[in-house]
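To keep things clear, I will list the structure first and then write my remarks on it.
By convention in this document, chain letters (A, B, ...) are assigned in the order of the sequence lines, proteins followed by strands, and residues within each chain are numbered from 1. Just so it is clear, the structure is predicted and the values come from calculations on it, not from any experiment.
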Number of protein chains: 2
Amino acid sequence: MAPVTLKDVAKVAGVSYATVSRALSGSPEISEDTRCRILKLCKEMGYTPNSIARSMVKRRTDIIGLIVPSLNNPFMSELTGQLEIYARNRGYNLMVCCSSYDHDLEKEVFALLVGRQVDGIIMIPGGNEIYESLSSLTSQVPTVFISDNLQDYPENYVCVDNFRGTQIATEYLYSLGHRDILYFGARQKSKTHKHRLEGYLATCEKLGLEPHVLPSSYSRSSREVGYTMAGDYFSKKNRETAILCAADMLAIGVMQAAFDAGIRIPRDISLMGFDNISFSALPQIDLTTINQPTQQMAIAAVDMLLDRIKNPEAEHARLILPPSLVERKSCRSIAK
Amino acid sequence: MAPVTLKDVAKVAGVSYATVSRALSGSPEISEDTRCRILKLCKEMGYTPNSIARSMVKRRTDIIGLIVPSLNNPFMSELTGQLEIYARNRGYNLMVCCSSYDHDLEKEVFALLVGRQVDGIIMIPGGNEIYESLSSLTSQVPTVFISDNLQDYPENYVCVDNFRGTQIATEYLYSLGHRDILYFGARQKSKTHKHRLEGYLATCEKLGLEPHVLPSSYSRSSREVGYTMAGDYFSKKNRETAILCAADMLAIGVMQAAFDAGIRIPRDISLMGFDNISFSALPQIDLTTINQPTQQMAIAAVDMLLDRIKNPEAEHARLILPPSLVERKSCRSIAK
DNA sequence: TAAAATTACGTGAACGTTTACAGAGCCATT
DNA sequence: AATGGCTCTGTAAACGTTCACGTAATTTTA
């Protein structure tokens, strides 16, 4: 518990503390002998550099703030894990804050992190209210968003190509012979979901399919929402042979409703999701879905942020990563 | 991007910077007028206190380090989320590091966090190698473990009562009429698993049941392990009517193997897990299990750590929280 | 009304680093 | 032998706070 400082080491070594600092920082302005001697002494004395003091003078902390809506959501917690590992490999630590999908909290923890002098912030917005506060937040500190909602704003962000995702999904279902595909759970307010819907609609048009859309009036894409909506849907006669859900969680709810209604997947109807959350890989679920490249997103977000930190005056960057098909057991090929 | 400091505010206000500091810290040694005037000015000028500088002189950072094996595991990411929220409510931020179940990394990030001058560390060990390094780590900074492996060491920890958990589970299965209960996936090296096994064995003895144990030679309790082990098990004739798994993930693997073998749960055999991870609540899984009180554990760990920070010389604390039964659909009552 | 107590504020040191600058010692060049 | 240029090390200021101390102005007390 006794904090041994540069000065302590310097005193024992019989040099000034600037010399010790030089020995540790790898400065060339020091002879090899003294460097070795000092380094050895540091070890012996159990010296640990105080990064607070260093931050004080260097005017940077090597800390990245992360604002994430929730760590209960597997997609976000996995992303968080990736971000932490990659950031640490690049010499940065992560200060994590959960916003609980609450925009006031988002602003509050943003200010908190700024006060903590983080070098930059990676933010996964929890909703759409973020637009109002965008510039007042990002003017304070370099910020990168992980979100598909920001095309029209001068901000840095990385996201997955949602349009392309539903395009891939629709084409896949088409290739299996499906001609009546229901797009399930289109949320109105989210731009992410708008792009997914558009990918579906555009592909329908390209393939000459008639689009069927079941919009969601809910503000989140939970299993419960999927279950409720699908219960309604299955209670009537329908001609669709496949359902493309706007999110995996919805699809899992749909699965349950299908089970309750005695409808078998994929025998009676094919089902696809979007996100590839870890749940979906469970054999009991085994959902064919569109993968978001979590690791790539994490790496890209950190890289982008560090670029912005190094060069804050640079143009805003955007990176849109390609999604990919994950083929599992929830879709089947049907006769034409 | 222009950092406005105490001095700037002081200059504009025409007072010394000590006065500004007093106005902000709520010191009584200042008149109400000047305080209001300064506070208003701070707002106008967009002043944010620099917590680095404050940490420098106060010799504390109000930061807690968290070392967690992985954020892919839902149990741990949920725990992390709870820790963050509660710690923030108590005025602390969380610096999170993933150890990837690697003990060398555990030691490395511990040192990193110490260098960052965190006020304390909450550590969820990823394995058993932790024993070797225990005292050399915890002598550096107040530390609280979340782990059931530390009864024999003078450390602070909180955990769930694993013995009680399997006791509850065994009694529950007994109450449903089961007399032949297999304990599935007992890991040898983990003390957590040792306690779970002991709870089962003790309860068998108490109830006059003959224990059946299927040990696991694997070092982790994954779905794949459960699937493989259960495949073997189901390929032979067995008399057990219920399986109690040492972890939910194992049970999910068992479910899959049962499905492959044409064995229906709970009709043909009852199945229980331990942990209550979020997967288990999915209707497609619907696993009866033993809950670990994540939120209570998080709150207790933070409270305990802050106690230790305030009073480092105090006796080591241990808190063992009660688990609880979560009744779902994977067990059935059988005729006696 | 003088002494004592109180209030409100300023002064300056401290926290543990980094770094610009200066300077000492040595060797090579003219 | 004087000058210049190295190489190495020391000095001191700075980063933005907090806080112990000092002190002037004001109020209270005897």
Query raised in the report: Within the side chain of B/S55, is there an N or O that forms a donor-acceptor pair under 3.5 Å with the backbone of B/R60?
Result: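 Side chain of B/S55 to backbone of B/R60: a pair is present.
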Query raised in the report: Short question: side chain of B/T138, backbone of B/T143 - any donor-acceptor pair under 3.5 Å?
Result: no
Query raised in the report: Using a cut-off of less than 4.0 Å, is there contact between a side-chain N or O of B/T19 and OP1 or OP2 of C/dC9?
Result: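 No, because none of the side-chain N or O atoms of B/T19 sits under 4.0 Å from OP1 or OP2 of C/dC9.
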Query raised in the report: Are OP1 or OP2 of D/dC8 and a side-chain N or O of A/T34 less than 4.0 angstrom apart?
Result: no
Query - Donor-acceptor pair (no angle test) under 3.5 Å: B/R59 side chain, C/dG16 base - result: no
[X] side chain: which of [options] is closest?
| X | options | answer |
| --- | --- | --- |
| A/S16 | C/dC9, D/dG10, D/dG16 | D/dG10 |
| A/A18 | D/dG16, D/dT9, C/dT19 | C/dT19 |
| A/Y17 | D/dT17, D/dA12, C/dG10 | D/dA12 |
| B/I30 | D/dC8, C/dC9, C/dT17 | C/dC9 |

Query raised in the report: Can you tell if the side chain of B/S100 reaches within under 4.5 Å of the side chain of A/I85, non-hydrogen atoms only?
Result: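 Touching, per the 4.5 Å side-chain cut-off.
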In whole angstroms, how far is the [atom2] atom of [N] from the [atom1] atom of [X]?
| X | N | atom1 | atom2 | value |
| --- | --- | --- | --- | --- |
| A/R37 | D/dT9 | CZ | P | 8 Å |
| B/K11 | C/dC9 | NZ | P | 20 Å |
| A/R22 | C/dA22 | CZ | C1' | 11 Å |
| A/E32 | D/dT7 | CD | P | 14 Å |
| A/D33 | D/dC8 | CG | C1' | 11 Å |
| A/L6 | C/dC15 | CG | C1' | 13 Å |
| A/L24 | C/dT18 | CG | P | 7 Å |
| B/R54 | D/dC15 | CZ | P | 19 Å |

Report task. Please figure out whether B/K7 or A/S31 has its closest DNA chain D nucleotide nearer the 5' end. Result ->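 Closer to the 5' end of DNA chain D: A/S31.
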Query raised in the report: A/S25 near the nucleic acid: base, sugar-phosphate alone, or nothing, with a heavy-atom cut-off under 4.0 Å?
Result: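 Since no nucleic acid heavy atom lies under 4.0 Å of A/S25, the category is nothing.
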Query raised in the report: Is A/T5 touching bases, backbone alone, or none of the nucleic acid, heavy atoms closer than 4.0 Å?
Result: sugar-phosphate
Query raised in the report: Taking for each residue the nucleotide of DNA chain C bearing the nearest heavy atom, is the 5' side occupied by A/K58 or by B/M56?
Result: B/M56
Query raised in the report: Starting at the 5' end of DNA chain C and moving along, which residue's nearest nucleotide shows up first, B/V57 or B/E29?
Result: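 So the residue in question is B/E29.
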**Report entry** Lys NZ or Arg CZ of A/K191 over A/Y131 ring: under 6.0 Å, within 45°
**Finding:** yes
Query raised in the report: Going by atom types only, do A/N93 and A/R88 share a side-chain donor-acceptor pair under 3.5 Å?
Result: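 Judged by distance alone, the side chains do not pair up.
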